[in-house]
Amino acid sequence: MHQKMTTRRVVQFHQIPQTIINSLNWPQNSPTHLNPQFVAKPPSILATDLIMSYFDKGLLKEARGLFDEMPERDVVAWSSMISGYTSCNHYKRAWTTFYEMMRDGVNVQPNQFTFSSVLKACKGMRSLSCGALTHGLALKHSMHGNLYVDNALMDMYATCCDGMEDAFMVFEEIKVKNAVSWTTLIAGYTHHGDGHGGLRIFKQMILEEAEPNPYSFSIAVRACASIGSHVYGKQIHAAVVKHGFESSIPVMNSILDMYCSCSHLSEADRCFHGMPERNIITWNTLIAGHEKSDPHESLNHYSLMESEGITPNCFTFTSIIAAAANMALLSFGEPVHGKILRRGLGNDLAVANALIDMYAKCGSIVNSFKIFNVMCDKDIVSWTSMMIGYGSHGYGKEAVKLFDQMIHSGIRPDRIVFVAVLHACSHAGLVNEGLRYFKSMLSDYNITPDQDIYGCVVDLLGRAGRAKEAYELIESMPFMPDESVWGAFLGACKAHKLAVLGKLAASKVLDLRPNVAGTYMMLSNIYASDGKWGDAAKMRKLMRRMVNKKEPGRSWTEVRNQIYSFVAGDKLGSHVEWVYEVVDSLVLHMKEVECNLDLHCLVHNLEDGT
DNA sequence: ATAGGGTTAG
């Protein structure tokens, strides 16, 4: 009865489905006419309340319909529309609504609420031009000095600009900064990849006795993770405990992530087990954190998560698909793919990208392309993953074709795409095409080659037997070549049995970094492939004496539905004989098909036990 | 009646 009265009030503006009315937070249980506060509300306030409730539920059309039927729209109604669209990630609509407000709302003046919401929309659109325009309008409306507006301005400049200069300028002009101002600035530096800068601001914040809160701690920990500093991370972890913020899940999640990305996995596990409360991000962080170095453990965490009744989301699937890819475990990846489709998550960009990579690494390039082909939105990662897949399967021409299609579709290539296309050219023997891409990188796209790129080009030349040119390229590099470059070169020397050149290069890198055990290993292999077993043994001896041993590459294989992990020469454990059985049958198989592989070296490695 | 910052994926 009373509810009907309520309905009738609002029906003046719009027809509202009863289900919506029922789900709103209105005082439905108390008699409406006895609630003076409620009854006294003028229709425009009621409508604004309702608009906000619509946005809370993601009902954009309903919100807009009601707004359009309001006879008088005040600044609160307009601002609610703008912030509503922004909170639903419809930044463009928020912006056009603001534009409409300035054009049509002659009697409506934007206030500080309007400006902070619009600036957030500009941030969402990554539009510096809209942001700067809003900045100008904000100054015209004397918004300068409002902390909400200033903080939003700073955030907008930090997000939309390439550098932090403009954001910092706004920060400096804020007379009384609060924790939000500090956190926004730290986040700006950190998201720009300048973790040191972020930590510098965090230190300054502590020195100026601004009180850090959970928000500032989680971004400070994120800064530590981004520079890989476990030392700073641990210090901030201690400060978190001291401030009693261990109960904040986001803070603990970022600490967990920091330990993972600094390769302190046992510390991460300890941290995880000490958490009294966890959410889906906690689990995802743990699973993603183990995916690279210990994918087997990553999948263990996943099954633990499922057994605790937590529903995996897109982030979870992306990580476990990547783990399956790393282990080339199609028998795990395929059913997960099925699960993804059943949950309707097949259209998620990151998940689809992970699936492309997984199928490629499991040898099923046809399935990779099937997924790639039906994707309606492709980002640079999709193209890159497909190109790397083609490249590793020897389909260099297809990869090159994809690169050109990608450019045609309007995506600007980054360094990693060039790694992918160069890798593909290298594996397909497309040397001149590769060199052409290498040159166009700087001249057409203004991307300066880094170590990885030089490594690819050296590999490209080296594989084709053009070791002399590869060496000349290394000599011409504008910075000190690292192990990836030398590694590529040594690989070429090994493949073409160029012991002299290989020795020369190896001695160079040993001069530079005498503690890289991998180099000794590589040299030993060069000697071995050249038949110089004495020298090879000497190198291995030298290596064994070194403290800094080369991390052995871990491998996985699946035997009778069980996953076994092993390193070359593994003798421990009761199941290793299964692994050897599989390896033996593989070797036999390769011999049968007269595979042109370096079997000599493979067998040598297995027997020697390194 | 309307507005802040932080955590997971190549």
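Every chain is numbered from 1, with letters handed out A, B, ... down the list of sequences. Basis for what follows: all heavy atoms, side chains included, without hydrogens, waters or symmetry-related copies.
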Donor-acceptor pair under 3.5 Å, A:T183 side chain vs B:dG5 base: yes
Sugar-phosphate only, base, or nothing, as touched by A:L147 at under 4.0 Å among non-hydrogen atoms: nothing
Syn/anti state for B:dG6 [syn: chi within 90° of 0]: anti
Touch class at under 4.0 angstrom, heavy-atom based, for A:D357 against every strand present: nothing
Donor-acceptor pair under 3.5 Å, A:S181 side chain vs B:dG4 base: no
B:dA3 pyrimidine/purine six-ring stacking with A:Y148, under 5.5 Å and 30°: yes
Donor-acceptor pair under 3.5 Å, A:D74 side chain vs B:dA1 base: yes
A:R64: salt bridge (Lys or Arg N to Asp or Glu O under 4.0 Å) partners, not counting sequence neighbours: A:D68, A:E100
Selection from B:dT2, B:dT7, B:dG5 that lies nearest to any side-chain heavy atom of A:I281: B:dT7
Sugar-phosphate, base or nothing in reach of A:T316, heavy atoms under 4.0 Å: nothing
Is_stacked (A:F113, B:dA3) at 5.5 Å, 30 deg: no
Value in whole Å for how far the C1' atom of B:dA9 lies from CE of A:M305: 13 Å
Sugar-phosphate, base or nothing in reach of A:V251, heavy atoms under 4.0 Å: base
Side-chain donor-acceptor contact under 3.5 Å, A:N89 with A:Y91: yes
Sugar-phosphate only, base, or nothing, as touched by A:M81 at under 4.0 Å among non-hydrogen atoms: nothing
Counterpart residues, ring-ring contact (aromatic ring centres under 6.0 Å, His included), relative to A:Y189 (two or more places apart): none
Contacts of type side chain to side chain donor-acceptor pair (under 3.5 Å), residue A:H393, not counting sequence neighbours: none
Side chain of A:V180 - closest among B:dG5, B:dG6, B:dA1: B:dG5
Minimum-distance nucleotide (side-chain atoms of A:D49 versus B:dA1, B:dG10, B:dG6): B:dA1
A:S319 side chain, from C-beta outward: closest of B:dG5, B:dA9, B:dA1: B:dA9
Closest listed nucleotide, where the reference is the side chain of A:K292 and the choices are B:dG6, B:dG10, B:dA1: B:dG10
Sugar-phosphate, base or nothing in reach of A:T48, heavy atoms under 4.0 Å: base
A:Y445 six-ring face occupied by A:R412 cation (under 6.0 Å, within 45°): no
Test of ring centre spacing under 6.0 Å for A:F403 and A:F418: yes
Interatomic distance, A:K361 NZ vs B:dG10 P [rounded to whole Å]: 10 Å
Under 3.5 Å side-chain donor-acceptor pair for A:T114 and A:S79: yes
Separation of atom CG in A:L199 from atom C1' in B:dG6, rounded to whole Å: 14 Å
Which residues share a salt bridge (Lys or Arg N to Asp or Glu O under 4.0 Å) with A:K123, sequence neighbours left out: A:D155
Side-chain N,O (A:H191) to OP1/OP2 (B:dT7) below 4.0 Å: yes
Closest nucleotide among B:dA3, B:dT8, B:dG10 to the A:R222 side chain: B:dT8
Among B:dG4, B:dG6, B:dG10, the nucleotide that comes nearest once only the side chain of A:N178 is considered: B:dG4
Distance-only donor-acceptor test (3.5 Å): side chain A:S117, base B:dA3: no
Nucleotide B:dG6, atom C1' - distance to CG of A:D257 in whole Å: 12 Å
Length of the line joining A:Y215:OH and B:dG6:P, which is rounded to integer Å: 9 Å
Rounded distance in Å - OH (A:Y302) to C1' (B:dA9): 15 Å
A:E211: partners by salt bridge (Lys or Arg N to Asp or Glu O under 4.0 Å), with sequence neighbours left out: none
Residues in contact with DNA chain B, drawn from residues 149-159 of chain A - heavy-atom cutoff 4.0 Å: A:N151, A:D155
Base B:dG10 paired with A:T384 side chain (donor-acceptor, <3.5 Å): yes
Spacing between A:F115 atom CZ and B:dT2 atom C1', to the nearest angstrom: 14 Å
Sugar-phosphate only, base, or nothing, as touched by A:A77 at under 4.0 Å among non-hydrogen atoms: nothing
Sugar-phosphate only, base, or nothing, as touched by A:N111 at under 4.0 Å among non-hydrogen atoms: base
OP1 or OP2 of B:dG5 under 4.0 Å from side-chain N/O of A:K120: yes
Closest nucleotide among B:dT2, B:dA9, B:dA1 to the A:I45 side chain: B:dA1
Spacing between A:N253 atom CG and B:dT7 atom P, to the nearest angstrom: 11 Å
Residues A:T285 and A:N253: side-chain donor-acceptor under 3.5 angstrom: no
